[in-house]
Structure formats: C-alpha cells, structure tokens
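Structure record follows, encoded as structure tokens.
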Amino acid sequence: MHTNAKNVQNITLLAIESSCDDTAASVICNSKILSNIIASQDIHQNYGGVIPELASRAHQKNIVPIVDMALKQANISLDLIDGIAFTQGPGLLGSLLVGSSFAKGLALALNKPLIAVNHLEAHVLSHLIDSPEIPFPYLCLLVSGGHTEIVKVNSPSSMEILGRTLDDAAGEAFDKVAKILGLPYPGGPLIDKYAKGGNPLCYSFSTGKVPNLDFSFSGFKTAVLYFIRDALKKDATFIENNLSNICASVQHTIVSYLVSKLKQAALQTNIKHIAIAGGVSANSELRTQLSTMAISELWTTYIPKLEYCTDNAAMIAIAGYYKYLEKNTVDLSVGTFASFNR
Ligand code: KG4
Ligand code: ZN
C-alpha cells in the first residue's frame with residue numbers, strides 16, 4: 001500500500017550519508033527507521049585504502065538509485081518528506097559534497113528544511129534507534145576508521161569528549177596491521193574472522209602508555225611491524241602458518257586496551273550506562289569483552305546491531321530527527337567540513 005495520506009503528527013525525514021566510501025540513504029518516521037539502504041564501494045579493495053577521487057565518483061553514480069530505493073522501501077513519496085538530513089562532516093570533502101549538494105538540491109526543489117548532521121555524533125546517537133529509553137548521561141566508546149573517542153552523552157545535542165586518540169584510530173590500527181599481514185582493505189573484519197580459533201595470548205604487543213582517557217596506537221602498530229619483520233627473517237611462512245594466533249593476539253591487545261580505558265572512564269564519571277559505536281563496534285571480541293565487563297562492573301551496555309555499526313544513513317536519520325525537533329536546521333549556504341572541532 002502506498003502512503004499517500006499524511007498524518008499531521010508524523011515527522012518523516014530522508015537522510016543521506018556519503019562521508020567516506022559508502023553511499024547510504026534512510027527514511028525515518030518519528031524515531032522509527034522505515035528504510036536503511038547502503039551501497040558499499042568494493043573498488044578501494046584493490047588499492048589498500050579509500051581513494052578519495054574514486055569514492056566521490058562512485059557516490060555520484062550511486063546516490064540517485066540509493067535514495068530512490070530508500071523511498072521505495074519506506075513506501076513513501078518525496079512530497080511527504082518533512083525534511084532532508086545529510087552528513088556535513090567529518091569525512092572526505094569530495095564525498096561529502098556529493099551528498100550535501102544532492103540534499104540541498106532536494107531541499108530547494110521540495111521547499112523543505114535542511115538538517116546538517118555530524119557523522120561522529122550520529123554514530124554515538126545510533127543507539128536511540130533501538131534503545132530510545134537509554135538514560136542520559138551515557139558513555140559511548142566511538143571506534144571507527146578515523147576516530148577513537150570516549151564521549152559523555154548528556155543529551156542528543158550535548159556531548160563531551162573525555163578522551164581521544166593522539167595518533168591512529170582503533171580501526172586504522174586494525175587496518176594497518178592487516179596490511180602488514182598482506183590482507184586486503186578494510187582489514188578489521190578479516191582480523192576478526194581469522195582470530196577465531198586462535199590463541200589471544202600467543203603473542204604480546206605493547207600499547208600506548210598515554211595518560212588519562214586518551215589513546216595511542218602508533219607504537220603498537222610499529223611493534224607488530226617489527227615483530228612480523230623479524231619472524232619472517234627466520235621463517236618465510238610465519239604469517240601463513242600462524243595467522244589465527246597473530247590475529248587473535250592483535251585483536252585481544254587492541255580490544256583490551258579500549259575496554260580498560262572505558263572502564264577507567266566509567267569509574268571516573270560514575271556512569272554505568274555504557275555504549276559502543278562505529279565500525280570497530282562490530283568486532284566480536286569487543287562485544288564479548290564488553291558483555292563480560294558489564295557483569296563485573298554492573299553496567300547496562302548498549303551494543304548496536306551490526307547494520308548500525310559501520311557507516312549507514314539510519315544513524316544520520318535519527319540524529320537529524322532530534323535536530324529537527326529542536327528546529328536546528330540550516331540554510332542552503334552551509335558548508336561541509338573534513339574535520340570538526342567539537
Ligand atoms: O565507522 P566506519 O564504518 O567508518 C568510519 O567512519 O571510519 O568504520 C570503519 C572501520 C574500519 O577501520 C574497519 O576495519 C573497522 O571499522 N571494522 C572492524 C570490524 N568491522 C569494521 N574492525 C574490527 N573488527 C570488525 N569486525
Ligand atoms: Zn563512520
């Protein structure tokens with residue numbers, strides 16, 4: 001059945017995400033996600049990382065069909081949309097411009113409000129989709145390809161960063177180690193896969209000794225690099241014969257480091273509602289370690305569905321929905337930003 005009669009109480013938004021290498025669109029009605037469509041760009045696998053120029057070209061090709069699919073799956077026509085939310089940043093400028101220009105064009109054509117969403121805040125707020133009852137403040141470990149932060153979420157519009165990485169992000173650490181092991185990009189999910197059945201305590205690597213709630217991953221990455229280089233000198237088949245144990249040990253080191261800082265943040269703030277978000281929150285060991293710590297620390301944990309961990313437009317839709325409620329809209333002259341000072 002096609003929805004052609006508008007219920008005045010309902011707020012329906014179209015959301016567009018194009019910050020990196022995924023083109024995504026979602027329709028939300030009040031806080032319920034009606035569709036969540038994504039086109040990932042496999043082309044970057046051949047290059048060992050995201051190539052910005054190729055990413056923006058693929059966004060241009062994908063954006064019309066992806067938006068169309070999101071509207072169709074939600075069973076709604078454009079004239080019933082109340083506003084357009086888009087990712088303003090941070091991300092690759094060329095990629096962001098494709099999504100923001102498309103959103104602006106639609107907002108202008110439909111004469112509807114435009115809502116600019118911070119991609120990182122959207123990851124953190126993705127929990128409001130399935131857990132609208134989550135109490136504020138909650139702590140969120142945001143772990144993606146470009147960012148690692150511990151965020152205190154006071155409300156949908158007020159967040160404080162309690163700690164952040166001083167160099168590489170956790171996702172980058174996974175991806176860079178995967179590259180050392182000869183695995184394709186993005187390596188995080190492959191390390192997770194090969195770690196299964198491996199011994200997490202087989203090899204030990206040091207992690208960054210930075211104070212407070214900040215993180216550092218560059219020393220860890222170098223430690224793995226030297227360890228593998230030395231092992232290969234002795235045995236050229238070292239990686240292939242020990243892949244599971246290496247991946248399990250690498251994963252265990254990264255995840256234990258993340259969870260120990262999260263525990264420190266929880267003790268420091270006395271907050272027991274703990275969430276994880278971002279691509280690395282899909283990691284199976286992170287999910288397990290968090291659940292185990294929840295028992296000993298009496299935490300209530302919020303672990304996103306896999307489809308809401310990596311980049312998606314549903315999280316832009318929920319963040320946009322709360323901004324719409326606060327009448328926090330922008331005009332067509334608003335820009336996009338590669339990085340944000342929050
Ligand atoms: O949030 P996201 O999709 O994109 C950014 O905004 O960066 O995060 C992508 C990152 C990549 O570094 C990828 O390797 C990592 O998330 N990732 C994982 C897993 N799934 C995705 N890392 C470890 N284990 C996973 N299962
Ligand atoms: Zn992301």
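Remember, it's 1-based here, ligands and their atoms both numbered in the order they're listed.
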N/O to N/O below 3.5 Å, does that happen between [X] and ligand 1?
X	result
G145	yes
P186	no
S284	no

Of the protein's non-hydrogen atoms, which lies at the shortest distance from [atom], and what is that distance?
atom	answer
atom 26 (N) of ligand 1	D192 OD2, 2.9 Å
atom 13 (C) of ligand 1	D175 OD1, 3.8 Å
atom 22 (N) of ligand 1	G188 CA, 3.4 Å
atom 2 (P) of ligand 1	D311 OD1, 3.4 Å

At under 4.0 Å between heavy atoms, is it the side chain or the backbone of H119 that contacts ligand 1, or both, or neither?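 Just the side chain.
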Using a heavy-atom cut-off of under 4.0 Å, does the side chain or the backbone of N283 touch ligand 1, or both, or neither?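 Both backbone and side chain.
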R164 (side chain) donor-acceptor with L213 (main chain) under 3.5 angstrom: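 A pair under 3.5 Å: no.
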Strictly distance-based, threshold 3.5 Å: is any side-chain N or O of S281 a donor or acceptor partner for the main-chain N or O of G278?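 Side chain of S281 to backbone of G278, a donor-acceptor pair under 3.5 Å: yes, one is there.
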Taking [X] first and then [Y], would you say they form a salt bridge - that is, a charged N and a carboxylate O separated by under 4.0 Å?
X	Y	value
K272	E297	no
K305	D130	yes
D175	K179	no

Taking the six-membered ring for Trp, are the ring centroids of [X] and [Y] within less than 6.0 Å of each other?
X	Y	value
F205	Y226	no
F136	Y138	yes
Y257	F220	no

Reference residue F215; test side chain to side chain contact (heavy atoms under 4.5 Å, CB included); the match among V143, L166, I150, I254: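 Per the side chain to side chain contact (heavy atoms under 4.5 Å, CB included) rule, the option paired with F215 is I150, out of V143, L166, I150, I254.
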Apply the side chain to side chain contact (heavy atoms under 4.5 Å, CB included) test between T148 and each candidate in L258, V280, D214; give the one that qualifies.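 Testing each of L258, V280, D214 against T148, the sole residue satisfying side chain to side chain contact (heavy atoms under 4.5 Å, CB included) is L258.
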[X] heavy atoms, cut-off 4.0 Å: which ligand 1 atoms fall inside?
X	result
G146	7 (O)
T310	3 (O)
H123	1 (O), 6 (O)
A282	20 (N), 26 (N)

Can you give the angle D311 OD1 - the Zn ion (ligand 2) - H119 NE2, rounded to 10°?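 Rounded to 10°, it measures 90°.
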Atom name of the N, O or S atom in H123 that lies nearest to the Zn ion (ligand 2):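 That would be atom NE2.
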Give the C-alpha distance, both sets of side-chain angles, the deciding distance and a yes or no for salt bridge (charged side-chain N to carboxylate O under 4.0 Å, His left out) between K112 and D82. CA-CA 6 Å; K112 297 290 179 191; D82 296 300; 5.1 Å; no
Within H147, is some N, O or S atom less than 2.8 Å away from the Zn ion (ligand 2)?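 No N, O or S atom of H147 is closer than 2.8 Å to the Zn ion (ligand 2), so no.
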Closest to atom 21 (C) of ligand 1 among S19, G279, G171 (heavy-atom distance):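 That would be G279.
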